[in-house]
Amino acid sequence: MVLKPNAKILLATDAREPQTNGVARTWGKVKDDLESHGDKVEIIQPCRLRTYPSLMGLSLAYHPSFAAIDKLFRAFQPDALHILTPESSLGQRVKKYADRNGIRYTSSKAGDVNISREALIPLDNQSFSSKQIANPLVHNSYEFKNKQKLDRIRLASFSDVHISTIANDLPKGNHSENFLIDLKAFVSKSERSQNKSRQDLLTLNGDFFDLLESYIWDYGELPVKKEGRLVDPEKVVQLFEKMLGQNQKVISQFTKYLQSSPDAKLIYVIGNHDFLFKLSPTLREMFQRACLPNADEAERKQKIIFTDDLKVEDLGLHIEHGHRLDKYDYSSNGDVCWGDWLAYIKIQVIKNIIKRLEGLKSKYSDNEKQIEKYKNRIMKVEYIRDAKLFPKYLEKLATIAENKYQGSFGNELKAAIMNFNDDFAKMLKKSLGAYGILVPESILKSQSSLELCAKIINFIYKELTHKNSIQTKAAAEICENDPRFICVSMGHTHIHGIHEDVINICGREQRIMSVNSGTYVPMKKVQWKNGVWMIGSTMMPKGGVIFSANLKGNLRKVKVSALHGYETEYKFRVVDTLKVPN
């Protein structure tokens with residue numbers, strides 16, 4: 001097959017000007033030669049993707065996401081693809097993307113850059129159609145339309161409930177019971193007002209079902225491959241069936257709400273711990289069937305909507321979970337984010353300690369109750385979000401065990417817990433190896449190395465992700481880009497709060513708000529006090545925000561009521577006549 005005249009040729013390379021090496025200069029000449037034939041040339045290079053500095057001072061693409069590569073492919077729609085240095089990080093990812101989508105390509109090593117136009121292979125147009133691109137994670141947005149022209153609207157947004165099989169195995173039961181209290185109150189009020197001119201909307205704003213950590217807990221592995229495909233779809237289905245069965249009280253309340261009014265809608269905004277819903281239509285259908293067992297498929301899809309974000313113009317409100325704003329969180333693209341790796345390591349450490357404690361029961365049968373007590377305490381590591389605190393928690397538990405039980409039992413109980421250092425080192429080595437970072441396990445086992453790794457992970461987790469300040473900055477950009485919205489509500493950070501700002505929209509000052517709806521996940525207090533690490537009580541935070549408004553008139557007032565404390569309001573004019581900035 002011969003490449004057509006004036007073709008569009010896509011090149012992929014880590015070596016490109018302004019780099020000053022010979023490969024980059026020669027590769028530039030190849031581009032010039034192709035363009036001299038009338039071809040249009042586009043280059044996938046590090047500056048167009050996420051990069052990191054190499055030891056030689058060059059910017060290299062570090063594990064670029066398939067979504068970023070797909071975006072470049074879709075924008076350019078090439079007739080031919082050539083990959084230089086397919087062994088490089090960028091080359092490998094483009095090659096995998098092409099193989100995954102049935103895209104034909106040619107490749108050459110760094111020392112062989114004299115590529116002739118005749119050697120290029122035309123793409124099969126059928127293999128590169130928008131329908132066949134294997135990217136199931138296209139961004140989806142849902143905009144609520146008040147078709148009934150109802151006078152009032154009330155929207156409840158609940159984020160970060162984290163219903164999981166781990167929580168169900170905890171000694172005090174599932175913390176979703178706290179969410180259930182708030183849900184029942186909302187549903188009860190919706191039933192009482194069903195004959196009035198009000199629209200009630202229920203929004204689950206991300207990480208409602210913690211499918212990610214539940215899969216790790218039940219099966220001991222991450223549920224997705226790096227390219228965003230499920231490792232075992234059947235296991236995922238079995239897991240979700242189990243979760244639905246364990247949470248019938250919650251599901252029955254959803255059913256009650258959806259049946260309370262023909263206009264009732266449940267909008268499920270997908271987060272980073274339940275992004276398996278994006279990968280599996282089966283999971284979405286299972287949830288819809290569970291909530292509306294007697295409805296037909298059309299009604300289920302009309303009343304239960306899965307989306308990445310929700311827009312409600314009547315409230316001037318934009319809702320999304322918030323993880324897509326994080327620099328190191330790629331779950332929207334199907335890759336595993338830093339926070340997920342931290343969860344993976346933490347859960348495996350918990351499981352290994354529990355396994356060792358179970359092994360002590362046969363040797364110390366008289367101390368079975370004491371062993372169970374420490375198993376329950378170990379499970380509470382799940383409630384510690386700070387990466388540098390959960391090792392301190394385990395060390396403190398081991399010291400308590402040694403002091404309380406003298407002799408061999410106390411010593412072995414301490415050893416069973418303190419061996420988490422080996423577990424942590426092995427899991428850290430495996431995790432870093434997945435990113436091409438090879439560190440000897442002997443180095444990772446040292447206390448100083450483990451503390452350094454915990455600090456690095458904690459810095460990334462707390463400073464570059466899961467921050468309300470990241471969300472407030474993004475909220476201003478969202479409102480600037482679409483002046484219909486002056487309030488943005490998210491979750492993800494597990495830190496409830498409200499932030500007000502004033503920005504310029506279409507030539508006038510506008511007050512905007514960023515609202516975080518908090519979490520229902522408990523927090524285990526571990527703190528440094530008087531030179532000693534203290535283990536405090538388990539706090540049960542609340543989540544949830546209610547937005548309510550009267551829609552009469554051009555000037556609208558929206559009341560924001562957080563179920564855990566604050567209450568405020570914002571006013572805005574209908575801005576249909578304003579032009580959205582480019």
Side-chain angles (χ1 to χ4, degrees), residues 137 139-141 155-164 167 175-176 179 203-214 267-278 306-311 317-344 346 382-387 457-478 487-499 513-523 541-545 547 560 562-564 566:
L137 299 174
H139 175 73
N140 182 33
S141 182
L155 183 149
S157 178
F158 300 101
S159 67
D160 297 278
V161 181
H162 285 270
I163 289 177
S164 67
H175 60 255
S176 64
F179 160 73
T203 304
L204 305 178
N205 190 11
D207 291 0
F208 182 77
F209 289 106
D210 199 327
L211 295 167
L212 175 73
E213 291 198 11
S214 295
I267 298 104
Y268 197 121
V269 179
I270 297 172
N272 56 306
H273 277 242
D274 50 16
F275 74 97
L276 301 190
F277 279 118
K278 288 176 72 71
F306 287 88
T307 184
D308 289 306
D309 63 54
L310 167 66
K311 297 178 174 67
L317 177 64
H318 173 107
I319 295 179
E320 64 176 280
H321 183 60
H323 64 293
R324 296 183 299 139
L325 309 174
D326 289 348
K327 188 174 181 181
Y328 290 99
D329 194 331
Y330 306 108
S331 55
S332 290
N333 299 331
D335 287 344
V336 177
C337 71
W338 278 93
D340 298 342
W341 277 114
L342 176 61
Y344 180 49
K346 186 167 66 173
E382 170 61 16
Y383 290 158
I384 301 174
R385 286 171 58 80
D386 195 317
I457 292 171
N458 204 58
F459 174 79
I460 293 172
Y461 189 69
K462 294 186 71 176
E463 297 302 319
L464 302 179
T465 71
H466 296 81
K467 288 192 75 173
N468 279 13
S469 60
I470 295 174
Q471 296 185 357
T472 56
K473 182 180 178 181
E477 294 176 356
I478 290 170
C487 183
V488 179
S489 181
M490 301 186 193
H492 184 52
T493 67
H494 291 205
I495 304 170
H496 77 273
I498 188 166
H499 176 83
M513 300 178 73
S514 175
V515 178
N516 190 285
S517 52
T519 179
Y520 283 86
V521 177
M523 300 288 186
K542 285 275 187 176
V545 178
F547 296 87
V560 185
L563 299 180
H564 41 239
Y566 60 77

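- Contact detail for M513 and I498: the closest heavy-atom pair is CE-CD1, 2.9 Å.
- With hydrogens and angles ignored, the 3.5 Å screen pairs a side-chain donor or acceptor of N140 with a backbone N or O of F306.
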Which is it for C487 and F547 under the side chain to side chain contact (heavy atoms under 4.5 Å, CB included) test, yes or no, and what are the steps along the way?
-> CA-CA 10 Å; C487 183; F547 296 87; 4.0 Å; yes
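- Aromatic ring pairs are classed by plane angle as parallel below 30°, tilted from 30° to 60° and perpendicular above 60°; the pair F179 and Y520 is perpendicular.
- Taking CD1 of I495 as the reference point, atom CG of N468 lies at 5.5 Å (rounded to 0.5 Å).
- In the model, Y268 has a side-chain atom that pairs as donor or acceptor with a side-chain atom of D274 under 3.5 Å.
- A donor-acceptor contact shorter than 3.5 Å is absent between the side chain of T203 and the backbone of N205.
- Between the side chains of N516 and Q471, at least one donor N or O lies within less than 3.5 Å of an accepting N or O.
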CA sep, side-chain torsions, deciding dist, call: F209, S214, side chain to side chain contact (heavy atoms under 4.5 Å, CB included) = CA-CA 9 Å; F209 289 106; S214 295; over 6 Å; no
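- Atom CG of N272 is separated from atom CG of L212 by 8.0 Å, given to the nearest 0.5 angstrom.
- Residues satisfying the side-chain contact (heavy atoms from CB on, under 4.5 Å) criterion with H496, sequence neighbours excluded, are H564, Y566.
- The minimum heavy-atom distance between I270 and F275, with the atom names listed, is CG2-CA, 3.6 Å.
- Side-chain contact check for D308 versus K278: some heavy-atom pair is nearer than 4.5 Å.
- We find the CD1-OG distance between I163 and S176 to be 4.5 Å, quoted to the nearest 0.5 Å.
- Using a 4.5 Å heavy-atom threshold, the side chains of V560 and V545 count as touching.
- With contacts defined as side-chain heavy-atom distances shorter than 4.5 Å, the pair L211/F277 qualifies.
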Assess whether side chain to side chain contact (heavy atoms under 4.5 Å, CB included) is satisfied between M490 and E320, documenting all intermediate values.
-> CA-CA 5 Å; M490 301 186 193; E320 64 176 280; 4.2 Å; yes
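- Contact annotation: the side chain of L563 never approaches that of K542 to less than 4.5 Å [non-hydrogen atoms, C-beta and beyond].
- Counting all heavy atoms, side chain and backbone alike, D210 lies closest to S164 at CB-CB, 3.9 Å.
- Looking at every heavy atom in both residues, H273 comes nearest to D207 through N-OD1, 2.7 Å.
- Annotation: the span from S489 atom OG to L155 atom CG amounts to 8.5 Å, rounded to 0.5 Å.
- Residue V521 comes nearest to H494 through the heavy atom pair CG2-CE1, 3.9 Å, listed as atom of the first residue, atom of the second, then distance.
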Residue pair K311, S141: steps toward the side-chain hydrogen bond (donor to acceptor under 3.5 Å, both in side chains) verdict = CA-CA 8 Å; K311 297 178 174 67; S141 182; 2.8 Å; yes
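- Remark: P541 pairs with T519, M523 by the side-chain contact (heavy atoms from CB on, under 4.5 Å) rule, at least two apart or across chains.
- Side-chain contact between H323 and H466 is absent, with no heavy atoms from C-beta onward closer than 4.5 Å.
- Closest approach of L310 and V269 over heavy atoms only: CB-CG2, 4.4 Å.
- Ion pairing between a basic and an acidic side chain is recognised when a charged N comes within 4.0 Å of a carboxylate O; E477 and K473 show no such pairing.
- Using modelled atom types, one finds no donor on one side chain facing an acceptor on the other under 3.5 Å when comparing S157 with S517.
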